Amino acid sequence: MKKKPVIILSTIACLLVLAVFIVYIVMSEQKVITRLEMAQEVIVTEGVAEPQMDSQSFIVEEDGEYVYRLVWEAPQQGLITGINVVDAMGESIFACTAESASIESYGIEMQAGEYTIETHYITNQEALEVFGKSTGLEIIDEGYPFAEQGEWQMEYDFVLHDDGGYSNGWQAGIVFGVILGILIVVIMLAATKKGERVKCDYDERQEIVKGKGFQYGFFTVIICNAILIFLSVLKVTFLREMEAALFISVVLGVAVYVSYCIWNDGYFALNENRKSLIIIFATIGILNIAIGIRNIINGSFIRNGSLTFESINFFCGLLMLEILIVILLKKMRDGKEE
């Protein structure tokens, strides 16, 4: 198929996907149920916080799914806050711990009634573990530097939304994002071709190189997955969230395949514009690393000692950076040989 019709049709499809997603988001807008702004001066003396806990109550008038949004920031290290939302029976329905955080939960089923949000000021590992046991949180001993003395002016912003389709909207956002990504890749592949053909043209030697590259990439993924299984058996928590772990496995496999093909002149098709592809790789890499750095700053990159789904942008950016480095090294090697 010729590239102009492909670019036109894919662009139209991109616009339609974006329009449908925007309409979906607008229709599933969340409504604020309650908002609590809490401020507390916490004084730590000989490792004991005063006060040790604070609480506020709020009312949920209708049964349904709700989303919590919590934001707080500690002025200095040494104090961990444990947040615990309990129902009228004293049962914990949502809990988290962090020094500073910007957290948004998934949809949580709640019945109409009175609830309480507790803020626990944690100043030692033992208290942290007690909080974990009482709320069902898994606590990781990471050697946090708890302070023996100090004062903290803590401010917390707690917002409760109705679900508003948030849970389904998050999943829909991923689906729309994948579809949009595929369409953009189709447009880029067509736009970077010389002439009117969309299909990549490789000679016989390049096809052999690609075949070997696929083998190396395939076995890399197998080895990575075997290592992940072994780490899971050992209960290593750093790669506990399988979405992030499997994505890293795929990234490593792709990196091996692409690197081998580039190094052996089998990656770029005969009818491809290399400069355009390099610009695309650089752009994708910069954007994803920037998103990854933002996720590191806001605390969503690692949660409870494990890489999260939000970490995959950073690894995608590293993949693009690695590809660019291999291209540069290959160009330098070819220049020396000439």
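Side chains included, hydrogens not; waters and symmetry mates left out as well; all remaining heavy atoms used. Fair warning: this is a prediction, and the values are worked out from it, not measured in the lab.
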**OP:** Before giving the answer on ring-ring contact (aromatic ring centres under 6.0 Å, His included), spell out for Tyr257 and Phe214 the whole-Å C-alpha distance, their side-chain angles and the decisive distance to 0.1 Å.
**Re:** CA-CA 6 Å; Tyr257 163 71; Phe214 274 125; 4.5 Å; yes

Do [X] and [Y] belong to the same hydrophobic cluster, where Ile, Leu, Val, Met, Phe, Trp and Tyr are linked whenever their side-chain heavy atoms lie under 4.5 Å apart, directly or via other members?
{"X": "Val251", "Y": "Ile227", "answer": "yes"}
{"X": "Val71", "Y": "Ile80", "answer": "no"}
{"X": "Ile291", "Y": "Phe281", "answer": "no"}
{"X": "Ile289", "Y": "Leu324", "answer": "yes"}

**OP:** Check each of Tyr115, Phe94, Tyr68 against Phe158 using the ring-ring contact (aromatic ring centres under 6.0 Å, His included) test, and report the only one that passes.
**Re:**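 Filter result, single survivor: Tyr68.
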
Is there side-chain contact between [X] and [Y], with heavy atoms separated by less than 4.5 Å?
{"X": "Ile117", "Y": "Ile83", "value": "yes"}
{"X": "Met154", "Y": "Pro75", "value": "yes"}
{"X": "Trp72", "Y": "Met38", "value": "no"}
{"X": "Phe315", "Y": "Val250", "value": "no"}
{"X": "Leu307", "Y": "Ile248", "value": "yes"}
{"X": "Leu70", "Y": "Tyr156", "value": "no"}
{"X": "Ser311", "Y": "Phe247", "value": "no"}
{"X": "Glu37", "Y": "Glu155", "value": "no"}

Spell out, as yes or no, whether a donor-acceptor pair under 3.5 Å connects the side chain of [X] to the backbone of [Y].
{"X": "Gln206", "Y": "Asp203", "result": "yes"}
{"X": "Asn295", "Y": "Glu310", "result": "yes"}
{"X": "Tyr267", "Y": "Tyr260", "result": "no"}

**OP:** Given side chain to side chain donor-acceptor pair (under 3.5 Å), test Thr119 with Tyr121 step by step and report yes or no.
**Re:** CA-CA 7 Å; Thr119 51; Tyr121 309 112; 3.2 Å; yes

**OP:** For residues 249-271, pull every pair meeting salt bridge (charged side-chain N to carboxylate O under 4.0 Å, His left out), keeping only residues two or more places apart or in separate chains.
**Re:**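 For residues 249-271, and leaving out neighbouring residues, the salt bridge (charged side-chain N to carboxylate O under 4.0 Å, His left out) pairs sorted by first residue read Asp265-Lys330.
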
